[in-house]
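Only a predicted model underlies this, so the values are computations on that prediction, with no experimental measurement involved.
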Amino acid sequence: FHALGPIYYRESHGALLVYDITDNNSFIKVKNWVKELRRMLGKEVSLAIVGNKSDLERSRAVNKAEVDKYVQQVGAKHYATSAKLNKGLDELFLDLAIRMV
């Protein structure tokens with residue numbers, strides 16, 4: 001799938017990069033995607049980095065401080081969501097849409 005990425009994100013104005021807060025490896029993958037998107041699309045693309053499964057906060061494996069620092073470094077915005085509980089999703093999509101205009 002990764003090799004096909006440029007076909008899907010070419011000329012994109014925004015990207016949603018989701019990681020599982022209970023899986024640090026998923027956050028590492030998000031960092032790789034950010035590098036790829038910045039290399040291919042530049043700094044103009046709006047990035048939304050999404051920590052999903054906020055309903056499993058007790059099982060968190062991804063350090064919040066690390067995420068906050070990283071998001072600031074790459075000029076992205078961070079969102080906490082729970083797809084299971086339908087929390088934070090409307091705000092995420094509305095805010096990203098506004099930033100892409």
Side-chain angles (χ1 to χ4, degrees):
F1 173 77
H2 194 84
L4 297 176
I7 294 169
Y8 295 102
Y9 61 71
R10 178 181 20 192
E11 298 182 30
S12 294
H13 296 280
L16 206 71
L17 303 151
V18 182
Y19 69 94
D20 174 348
I21 69 166
T22 68
D23 179 6
N24 197 58
N25 192 44
S26 68
F27 184 61
I28 292 168
K29 289 179 182 178
V30 162
K31 289 180 177 183
N32 291 332
W33 276 107
V34 168
K35 287 178 193 173
E36 172 82 5
L37 291 168
R38 287 292 189 219
R39 185 172 60 82
M40 299 301 288
L41 300 173
K43 295 202 180 230
E44 299 79 34
V45 65
S46 295
L47 298 179
I49 296 178
V50 183
N52 193 41
K53 298 188 181 178
S54 62
D55 53 295
L56 298 177
E57 185 63 39
R58 291 182 181 178
S59 301
R60 175 179 280 279
V62 181
N63 182 284
K64 281 184 181 180
E66 179 187 346
V67 172
D68 291 340
K69 182 179 176 183
Y70 178 73
V71 166
Q72 189 173 26
Q73 285 175 343
V74 298
K77 189 162 179 187
H78 184 256
Y79 303 85
T81 64
S82 171
K84 180 179 180 180
L85 301 177
N86 194 28
K87 289 195 175 183
L89 300 172
D90 290 339
E91 174 193 355
L92 159 65
F93 283 104
L94 180 61
D95 188 54
L96 182 59
I98 291 168
R99 290 190 300 130
M100 289 185 338
V101 177

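Look at Asp55 and Lys87 and you find no salt bridge, because none of the NZ, NE, NH1 or NH2 atoms lies under 4.0 Å from a carboxylate O. Ionic pairing of Arg99 and Asp95 is present here: one or more N-O contacts between side-chain nitrogen and carboxylate oxygen are shorter than 4.0 angstrom.
Across Lys53 and Thr22, no two heavy atoms sit closer than the pair CD-OG1, 4.4 Å.
Considering only heavy atoms from C-beta on, Ile21 stays 4.5 Å or farther from Lys64 through its side chain.
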**OP:** Using the salt bridge (Lys or Arg N to Asp or Glu O under 4.0 Å) rule, take Glu66 and Lys69 through it: C-alpha gap first, then chi angles, then the decisive distance, then the call.
**Re:** CA-CA 5 Å; Glu66 179 187 346; Lys69 182 179 176 183; over 6 Å; no
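Separation of atoms CG (Leu17) and NZ (Lys29) is listed at 13.5 Å; rounding is to 0.5 Å. Rounded to the nearest 0.5 Å, atoms CG (Asn32) and CZ (Phe27) are 11.0 Å apart.
For the pair Lys31 and Tyr70, the distance from NZ or CZ to the six-membered ring centre is under 6.0 Å and the angle to the ring normal is within 45 degrees.
Residues Met40 and Val45 share a hydrophobic cluster, clusters being chains of Ile/Leu/Val/Met/Phe/Trp/Tyr side chains in contact below 4.5 Å.
Within 6.0 Å of atom CD in Glu57, more than 12 heavy atoms from other residues, nucleotides or ligands are found, so the atom counts as buried in its surroundings. Counting non-hydrogen atoms of neighbouring residues, nucleotides and ligands closer than 6.0 angstrom, the CD atom of Gln72 reaches no more than 12 such neighbours.
Grouped with Leu89 in a hydrophobic cluster is no other residue, since no side-chain heavy-atom contact under 4.5 Å to another Ile, Leu, Val, Met, Phe, Trp or Tyr is found. The hydrophobic cluster containing Tyr79, built from Ile/Leu/Val/Met/Phe/Trp/Tyr side-chain heavy atoms closer than 4.5 Å, also comprises Leu16, Val18, Val50, Leu92, Phe93, Leu96, Met100.
With sequence neighbours excluded, the residues satisfying side-chain hydrogen bond (donor to acceptor under 3.5 Å, both in side chains) with Thr81 are Asn52.
Judged by distance alone, with hydrogens and angles left aside, the side-chain atoms of Arg60 form no donor-acceptor pair with the main-chain N or O of Asp23 at under 3.5 Å.
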